[in-house]
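Quick caveat, the model's predicted, so the values are computed rather than measured. Every heavy atom of this structure was used, including side-chain atoms; hydrogens, water molecules and symmetry mates were not. A, B, ... follow the sequence lines: proteins, then strands. Residue 1 opens every chain.
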Amino acid sequence: MSLPATSSDGFWSDTGKTGIASWIFSTDHKRIGLLYLYSVLGFFLVGVLLGVLLRLELMAPGRTIMGPQTYNATFTVHGVVMIFLFIIPSIPASFGNLVMPIQIGARDVAFPRLNLFSWWLYVIGAVIVLTALFTGGGPPDTGWTFYVPFSAKTGTNVSLAVLGVFVLGFSSILTGINFVTTIHRLRAEGMTWGRLPLFVWSLYATAWVQILATPIIAITLVLVFVERVVGTGLFDPSRGGDPIMFQHLFWIYSHPAVYIMILPAMGVISEIIPVFSRKPIFGYKMIAFSSLAIAAAGSVVWGHHMYTSGMSDTAILVFSFLTFIVAIPSAIKVFNWVSTLYKGSISLEAPMLFALSFVLLFSIGGLSGLVLGAAATDIHVHDTHFVVGHFHYVMFGGTGFAFFGALHYWLPKFYGRRYAEKPALVAWALMFVGFNIMYFTMQVLGIRGMPRRYYDYLPEFARLNLVATIGSWILVLGLIILLVNLFRGLFRGEAVGANPWGGATLEWSIPTPPPTENFEEDPVVTHGPYDFKGAGKP
Amino acid sequence: MSTEAAHHILSYRKLTAIWGALLVLTALTVLITRAELGALKVWAALAIASVKSGLVIAFFMHMKYESRPFRIILFVALVTLAIFIGFTFFDVLYR
Ligand code: HEM
């Protein structure tokens with residue numbers, strides 16, 4: 001990784017080690033944050049490539065570029081890479097590490113070595129997952145959900161892949177423990193809970209979910225591994241096991257995991273919107289509280305993935321009801337963001353555009369989620385492209401767009417240089433348009449009955465599938481412009497000062513790029529995170 | 001954490017005694033499988049397992065001598081687990 005032009009500054013220069021070792025063995029939270037950032041971005045691009053290949057195959061009926069087995073493997077690997085290697089660590093591990101300690105006025109996280117170790121675990125897990133693709137019976141073809149009985153029987157290399165995900169789980173748990181401890185113990189003087197930036201609140205809620213739910217997927221995947229290797233029969237009805245048990249165990253983690261994905265994104269949006277509206281956030285307490293409420297309520301709704309599994313009707317009723325409850329704290333956030341905009345002095349720069357499109361796309365995704373949360377409608381659209389459209393709206397339109405917003409909002413702070421505004425706007429517009437063309441069309445296809453996870457479809461779906469595939473090209477074109485512009489700017493763009501956006505959180509009160517230990521002397525916080533009169537001072 | 005709690009060291013005698021108790025309970029678990037208890041067998045096995053994990057947590061993991069926050073955290077984890085398991089019974093019991 002080469003250094004930016006202003007490399008003599010801040011944490012870029014000041015280090016005991018040299019070369020690559022100054023990165024991969026660094027315990028500085030900013031360097032670890034960047035390590036994570038580049039790792040997750042790399043995997044994101046791999047995932048995008050696979051996604052585009054999926055759309056290419058679906059461009060026309062019949063075999064277009066790949067056969068059924070390759071298609072099955074491609075969507076599985078696309079899903080595994082996007083979920084476990086990109087989106088779960090994306091915002092918390094990269095921007096959480098980069099800015100959270102600064103935002104609370106700390107010099108580093110509570111356990112810097114553990115922090116480095118968790119990045120290493122991430123790398124080890126990723127290597128194991130990648131090895132699984134090229135060894136044994138070939139890349140897994142189960143879908144990212146690894147459902148039994150198929151995952152216990154398929155000849156593809158599921159065993160190694162689940163071990164890789166197991167290791168990745170530990171990385172996530174360690175990050176969670178680190179963040180909870182940091183937020184409890186290392187807040188600067190005057191940084192009361194009521195003055196915590198909302199991004200920190202969202203990471204705090206996320207961290208608890210990471211700690212409490214991740215062990216369950218870890219154990220569950222070990223059970224699949226054991227089932228495959230020694231045939232315990234735990235999920236096999238002919239030996240007294242229960243395959244639905246797997247689905248419970250899987251979703252007990254994986255549903256809360258979608259809150260690991262979305263909560264930090266909501267935190268990013270709660271930072272960007274007030275700064276670019278030049279107005280304090282509306283309903284600070286409710287936004288902070290709703291993060292915790294989402295984390296808590298979201299942990300008991302996993303059954304809504306299983307309406308068609310053969311689960312009892314009582315359970316369907318309970319889980320459906322609970323699912324509707326999660327909509328309340330989510331809606332609280334959306335209303336508060338919109339109220340923040342009201343009568344604000346809105347400036348539509350790149351981070352803000354991504355934040356605003358987050359609100360829209362997340363709302364579309366969330367509302368389509370209610371269609372799926374109601375058992376009566378879900379039974380019709382279960383496992384169709386409606387679902388694929390729904391989760392891309394929340395994960396990609398939601399977390400993905402928040403991640404791009406965060407890249408534009410925070411990276412100039414760490415590089416000391418910024419991207420050009422115009423190309424960023426063009427990139428945003430292309431991505432926004434392409435995104436909707438692709439996924440809205442996929443939702444329509446789903447409502448009409450096109451199932452997910454098939455490489456082929458009935459001829460009547462041909463036209464809309466072509467439209468969706470063209471949408472994916474527009475989206476990717478925008479993405480390329482975005483990345484080229486962003487990174488060109490970070491290395492060669494215009495220099496930025498300490499506080500380019502006029503933010504009031506602590507990271508904007510220290511020099512750009514931040515010094516190795518963030519603060520020359522421990523700050524004493526005197527104002528809230530969205531009190532713009534105090535912007536630039538602790 | 002109080003210094004007293006931090007420095008509490010268990011004697012070998014006590015540790016060995018607990019280890020012995022764990023072995024006895026393990027033997028008991030095996031023995032019950034031979035008894036004619038019907039569905040009670042599961043409850044008995046679970047009860048023994050709970051006592052065993054209680055011993056491990058209290059002594060080997062030192063929880064008996066730790067300060068409040070640690071016990072609360074353990075409690076939170078146990079409650080979470082209970083909720084997760086409890087909610088699956090909406091399915092299992094009514095299928
Ligand atoms: C250019 C970007 C992307 C494209 C073109 C794309 C395309 C697709 C398509 C067509 C499918 C459906 C396959 C099928 O069911 O037949 C799919 C599945 C999926 N995608 Fe994406 N996607 C993209 C980005 C993302 C992102 C950013 C995420 C997550 C953060 C994501 C997560 C998933 C997951 C979890 C699945 C389900 C895989 C499975 O069925 O096991 N995708 N994607």
Legend entry - Reported OG-to-CZ distance for the pair A:Ser299 and B:Phe87, which is rounded to 0.5 angstrom: 10.5 Å
Legend entry - Distance, nearest 0.5 Å, that separates OG1 of A:Thr314 from CG of B:Asp91: 9.0 Å
Legend entry - Atom OH of A:Tyr147 with >12 non-hydrogen neighbours under 6.0 angstrom: yes
Inset, instruction - First locate atom OH of B:Tyr94, then atom CE of A:Met311, and finally report the distance between them rounded to the nearest 0.5 Å. - result: 13.5 Å
Inset, instruction - Flag the pair A:Ile316 / B:Phe90 as yes when at least one side-chain heavy-atom distance between them is below 4.5 Å, and no otherwise. - result: no
Legend entry - Side-chain heavy atoms of A:Leu212 within contact of B:Leu81, under 4.5 Å: no
Legend entry - Contacting moiety of A:Val300, where chain B heavy atoms sit under 4.5 Å: both
Inset, instruction - Give the minimum heavy-atom separation between B:Phe84 and A:Trp302, together with the two atoms involved. - result: O-CH2, 3.5 Å
Inset, instruction - For atom CZ of A:Phe324, decide whether the heavy atoms of other residues, nucleotides or ligands shown that lie under 6.0 angstrom number more than 12. - result: yes
Inset, instruction - Can you establish whether the number of heavy atoms outside A:Arg185 located under 6.0 Å from its atom CZ is more than 12? - result: no
Legend entry - Atom CH2 of B:Trp19: over 12 foreign heavy atoms under 6.0 Å: no
Legend entry - Electrostatic pair A:Asp313-B:Arg95, nearest N-O below 4.0 angstrom: no
Inset, instruction - Side chain from CB out, backbone as N, CA, C, O: work out which of these in B:Thr80 comes under 4.5 Å of a heavy atom of chain A, or both, or neither. - result: side chain
Legend entry - Distance (rounded to the nearest 0.5 Å) between A:Ile252 CD1 and B:Thr88 OG1: 6.0 Å
Inset, instruction - Take A:Ile244 and B:Val92 through the side chain to side chain contact (heavy atoms under 4.5 Å, CB included) test and state the conclusion after the steps. - result: CA-CA 10 Å; A:Ile244 299 181; B:Val92 181; over 6 Å; no
